[in-house]
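Just so it is clear, the structure is predicted and the values come from calculations on it, not from any experiment. A note on names: the letters A, B, ... follow the listed sequences, proteins ahead of strands, and every chain is numbered from 1.
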Amino acid sequence: MMIAPTPFELFRQECQTVLTAVIEKTLPEVALPPINLRKTPNIEYGQLATSLCFELAKKLGQKPLDLAEKLVAAIDPSAFSLIDKVAPAGGGYINFHLNFAKFSELTLQSIKELDSQYGFVKTDTPQKIIVEHTSVNPLHPIHIGQARNPMIGDTLARILQYRGHEVSRHYYIDDVGRQSSVVAYGYLKLGKPQPTEKPDLFVGKIYTVTCCIVEINRLKQTRDRATELQNAADLVKANKELDEWLSIAVELKEKYPVLFEMLLAKIEEDPNPEEEINKLNRAYEDGQHEAKDLIREVSNLCLNGFQETMNRVNITYDSWDWESDLVWTPQVNQVMTQLKTTPYLSNEKGVLQFNADQVTQTLNLKTKLGLSPNNEIPPLTLVRADGTTLYTTRDIAYTIWKFKHANKVINVIGMEQSLAQLQLKLALYALNYTKQAENLFHFAYNLVTLPGYKMSSRRGHYITFDEVLNEAINRAHQEVTKRSPMLSPEEKQTIATFVGLGAVRYALIDVDPSKNVIFNWERVLNFETNSAPYVQYTHARATSILRKITNPPQNPNYELLTEQLEKELILTIASFPDMFIEATEYLKPNMIADYTNNLADKFNTFYNAYPVLKADTQQLTDARLTLVKAIQTVLKNALNLIGIVAPEKM
RNA sequence: GGGCGAGUAGCUCAGUACGGAUAGAGCAUCAGCCUUCUAAGCUGAGGGUCGAGGGUUCAAAUCCCUCCCCGUCCGCCA
C-alpha cells in the first residue's frame, strides 16, 4: 500500500506534470508559462483548475475555450493514478478531476499509517529558532490584552517545532527601569510582606497604589513649580493630569483601603520619594547587592505568578532572560564600544544618538527592507546625558546574545513597537551583523482594548488573564452541568477546564494578529460554532462513534465513499499537510484555528446526514468508520498544534 | 506633518502574499429538526456600493494611483 505524507500535493504534481507535457507537445513555439493550479470553487469543477489558457490565448490570438479544448484533447491522463479526467470548462479553464476511489484510499491509508505524525511535514532546512514571547513586565498580573502575545507566541513555537526546527521559547524580563523600582519601593515600604494571595496579583496591587501615590506627589511638585514660575501652560497640564490621578486614587482607596492607607502613610514619611526611587534604580543598574536582592525578590514573586498562570494553558519557557544581566555583565558596554566605531553615532553633550536613517542610506537598505522612500527613520537615543542606557540599547545587546544561540529570532511584540524593532534591526546592520539582521523578525500583533479605552496597568485598569480563564471555566461548568447532568463532579470539572481554557486560547488565536481586538466576554465565552468547544465537541463525537465498535474495519472498500460530503471531507483532510506548511512558512497561526473549524463543520454536517454504524451495508460502515477515524486523527493533530485538548468525551 | 497597520452583511471575522468561475462563515433575527452513532449539533430564509473615486487587465475584494476614516508610533519611557 502506498503512503503519502502530502496526498493532495501528489495530485497537484500529477496535474502539473500532465499540463507541462501537453503544452510542450502541443504548443512547442510558446515559452512555458508558470503553471498555476488552484483549487476550484465548486466540486463540480473538479478539484484543481488552471486559467492559463486565458493568458496563452491572448498571445496566440485564439479563443481561450478553443485552446483549452485543444489541450485537453491532447492529454492522456491514463498514465497517472490520481487523475480521473480532465475537462475544459467555463470560458477557458481546464479542470482536473480526482480519481476519488484511489485518492480516498491513499489519503485514508496515509493518515492511518502516519497517525499522530500525519500533517507535520518536516522542513528540508531545519534551523535553530528563538521565539521570544510574553515578556510582560514583572509588575502586575498578565492582563487579557497582553495574553494575546503568549497565545500567538506559543502557537508559533509549536508549529515551527512540528515543522522540524529546533525552537527555544524565551521570556525577556524587563526589570531595568523606573517602574521596577517603583514597585520595589512600595514593597520595601510595606516591610517586604508575604503575599496573601496569588503573588503577581499581590505585586500588582502594590504597584498600582504606589504608582498612584508617587505620581500625585510628583504632579503636585510640578504644579507648585509651575505656579512659582507662572508657567500657565505647564500649570494647566499638571492640573489636568493631577485630576486624573486623584480620581484613580479614589477608586484605589475604595478597592484596597488598608493597603492604600498603609502605603500612603509610609510614603509620606519620605521627604522625597521620587529621589528614593531614582536612587534605587541607579543602585540596581550598578548591581549593588541590596538593590539586587530587593528588585529580584519582587520580580520573582511576580514571575512565579506568571508561571502559574501560563501552566494553566500549558505554556512553558525554555529560558528566562533578565535584562539586568546584560547591564551587569559587559555585554551592553561592548555593544556601545562597537557602535562607537561606526559612523552612525552622534554625540551631543554626552547624549549618544544612533542615526538609523543614515544606515539605510549608506547600506542602501530602504528597498531591501520594503521601506517607503518617504520613511525617514527617526534617530534613536542610546545613552542618556548621565551615561545610563535605554531599553532599545540593551535590546541590541540582548539580540546579539540571542543570535549566539540561534540562527533565527522571532520577537512576538506589539505593533506599537515597530519603530523600535526596526531601529534594533538597523543597529545590527550598522554593526555588520548582516546575517543576524536578516534573520531577525518582528512578529507584530495589534492591541486588545477594552470597549472605550486602552488597558492600563499603571492605572490598574485591566481584566487579568486569570479572571478570564476562571470565568470561561465557570461558564463551561454551567454548560456541562446543563448538558450532561449525569456526569460525576470530577468529570464535569475536567471537561469544564479544558473547554474553558480551549475557548479562550482559540478566541485569542482565531483573529488575524494584525487586527485590533476589542475585548468582550462574548468572544471568549463562545462555545458554539467557530470556537474551541465546537471543535472539541466534534472530536468527542467522532471518538464516541469509534468507541462503539468491537472490531476495527476489515478491508474497507473506499470506492463506496461516493457522497459529495464524503469527498469534501477527504479533500479537507488530504490538504491538512499543505495547510500546515503554509501556516508555518508564512507564520499564520490563525489559519490552523480556521482549518479545525472548517473540518468540524463538514464533519457535523456529515454526521447529521449519514449513519456510520447503521449504514446500509457493513462494507459501507467499514469505509465510513475509516473516514471517521482519519478525521478524528486530523482534528486531534490540528488542535495539538494550537495547544488545545482534543477530548474523548464531553 | 510623516511612518506603519486596519476598513468586506446589523455585529465579529475568513478570503488579499500568488488577480480567475455565483464574495464565504459565525453571532443576532425568522422558520424547522432530538423513539436513529453526543442537539456545545443540523437544515432553510432574509441580509453585501468588499471605505470612495480613478487606472491596469479577457478578468480586480485582491495589483497601481489619489482621497476618506479608524488605530498606533515618531521620548534622555519601557
Side-chain angles (χ1 to χ4, degrees), chain A residues 34 36 38 40-42 45 49-51 54-55 57-58 63-64 89-93 95 137 174 176-180 323 348-353 371-372 374-386 388-392 394-395 414-420 422 444 446-447 449 454 476 479-480 482-484 499 503 510-512 514-518 520 522-523 526-531 533-538 540-549 582 586 588 590-591 594 597-598 600-601 604-615 621 624-625 628 649-650:
Chain A
N36 244 326
R38 317 198 129 262
T40 60
N42 191 315
Y45 299 147
T50 182
S51 58
F54 290 100
E55 299 156 48
K58 191 145 195 245
K63 278 188 177 172
Y93 295 95
N95 293 342
N137 293 359
D174 176 20
V176 180
R178 210 186 95 96
Q179 73 296 113
S180 288
E323 187 178 7
E348 273 177 62
K349 297 174 200 154
V351 179
L352 290 183
Q353 300 246 88
L371 303 169
S372 144
N374 301 336
N375 194 347
E376 198 178 308
I377 322 289
L380 171 72
T381 303
L382 294 169
V383 178
R384 296 188 185 93
D386 68 2
T388 56
T389 56
L390 284 101
Y391 176 82
T392 309
R394 290 168 234 136
D395 206 2
M415 216 188 69
E416 70 278 5
Q417 290 204 48
S418 294
L419 175 59
L422 177 61
N446 217 324
L447 290 173
T449 52
K454 233 172 110 168
E479 293 291 318
V480 189
K482 196 169 79 192
R483 293 168 203 279
S484 315
V499 166
D510 179 43
V511 180
D512 185 317
S514 69
K515 286 202 165 125
N516 176 277
V517 168
I518 296 168
N520 63 358
E522 215 176 282
R523 184 194 289 276
N526 174 27
F527 296 169
E528 294 173 20
T529 309
N530 200 7
S531 72
Y534 175 70
V535 181
Q536 290 173 316
Y537 178 72
T538 310
R541 263 184 155 180
T543 310
S544 172
I545 294 177
L546 297 167
R547 198 167 31 229
K548 292 194 162 58
I549 56 168
E582 195 180 334
Y586 294 99
K588 289 169 99 169
N590 54 313
M591 261 186 87
D594 284 342
N597 182 61
N598 186 264
D601 211 357
N604 282 316
T605 306
F606 165 78
Y607 181 95
N608 254 267
Y610 305 105
V612 175
L613 297 173
K614 292 181 180 169
T621 290
R624 284 186 178 157
L625 276 170
V628 171
K649 205 173 158 185
M650 72 182 265

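- Across rC68(B) and rC76(B), the matching P atoms stand 31 Å from one another, rounded to whole Å.
- For the pair Ile545(A) CD1 and rU36(B) C1', the interatomic distance rounds to 12 Å; values are reported in whole Å.
- A residue-by-residue look at Leu613(A) and Asn604(A) shows that Leu613(A) has its nearest nucleotide of RNA chain B further toward the 5' end.
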Taking N or O atoms only and anything under 3.5 Å, show me the protein contacts with nucleotides 57-65 of chain B, one pair per line.
from    : atom 1 : to       : atom 2 : distance (Å)
rC58(B) : OP1    : Lys58(A) : NZ     : 2.1

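- Residues forming a ring pair (Phe, Tyr, Trp, His ring centres under 6.0 Å) with Tyr45(A) (at least two apart in sequence, or on another chain): none.
- The nearest whole Å value for the distance from the CZ atom in Phe527(A) to the P atom in rA39(B) is 19 Å.
- Gln536(A) has its CD atom 14 Å from the P atom of rA40(B), to the nearest Å.
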Tabulated below should be each protein N or O lying under 3.5 Å from an N or O of nucleotides 13-17 of chain B; please produce it.
from    : atom 1 : to        : atom 2 : distance (Å)
rC13(B) : OP1    : Arg523(A) : NH2    : 3.1
rA14(B) : OP1    : Asp512(A) : N      : 2.7
rA14(B) : OP2    : Lys515(A) : NZ     : 2.3
rA17(B) : N6     : Glu582(A) : OE2    : 2.5

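- Stacking between Tyr607(A) and the base of rG41(B) is absent under the criterion of ring centres within 5.5 Å and planes under 30 degrees.
- Atom CE of Met650(A) and atom C1' of rG41(B) are 11 Å apart (whole Å).
- Using a 4.0 Å heavy-atom criterion, one finds that Val480(A) contacts the bases of the nucleic acid, with or without backbone contacts as well.
- Put simply, CG on Leu422(A) is 12 Å from P on rG5(B), counting in whole angstrom units.
- In this structure, the CG atom of Asn36(A) is 7 Å from the P atom of rG19(B), given to the nearest Å.
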> In the 5'-to-3' direction, what one-character label does each nucleotide of nucleotides 73-78 of chain B receive under the scheme B = base within less than 4.0 Å of a protein heavy atom, S = sugar-phosphate only, - = no such atom?
Replying inline: SS-BSB
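- At a cut-off of 3.5 Å, with distance as the only test, no side-chain donor of Tyr534(A) or Asn526(A) sits close to an acceptor on the other residue.
- In this structure, the salt bridge (charged side-chain N to carboxylate O under 4.0 Å, His left out) partners of Lys482(A), at least two apart in sequence or on a different chain, are Glu479(A).
- A distance of about 11 Å separates the C1' atoms of rG48(B) and rA61(B), rounded to the whole Å.
- A residue-by-residue look at Phe606(A) and Glu522(A) shows that Glu522(A) has its nearest nucleotide of RNA chain B further toward the 5' end.
- Atoms CG (Asn597(A)) and C1' (rG24(B)) sit 12 Å apart, rounded to a whole Å.
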Give me, pair by pair, the N or O atoms of the protein and of nucleotides 31-35 of chain B that are less than 3.5 Å apart, along with how far apart they are.
none

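- The Tyr537(A) side chain lies nearest to rU38(B) when the options are rG3(B), rG20(B), rU38(B).
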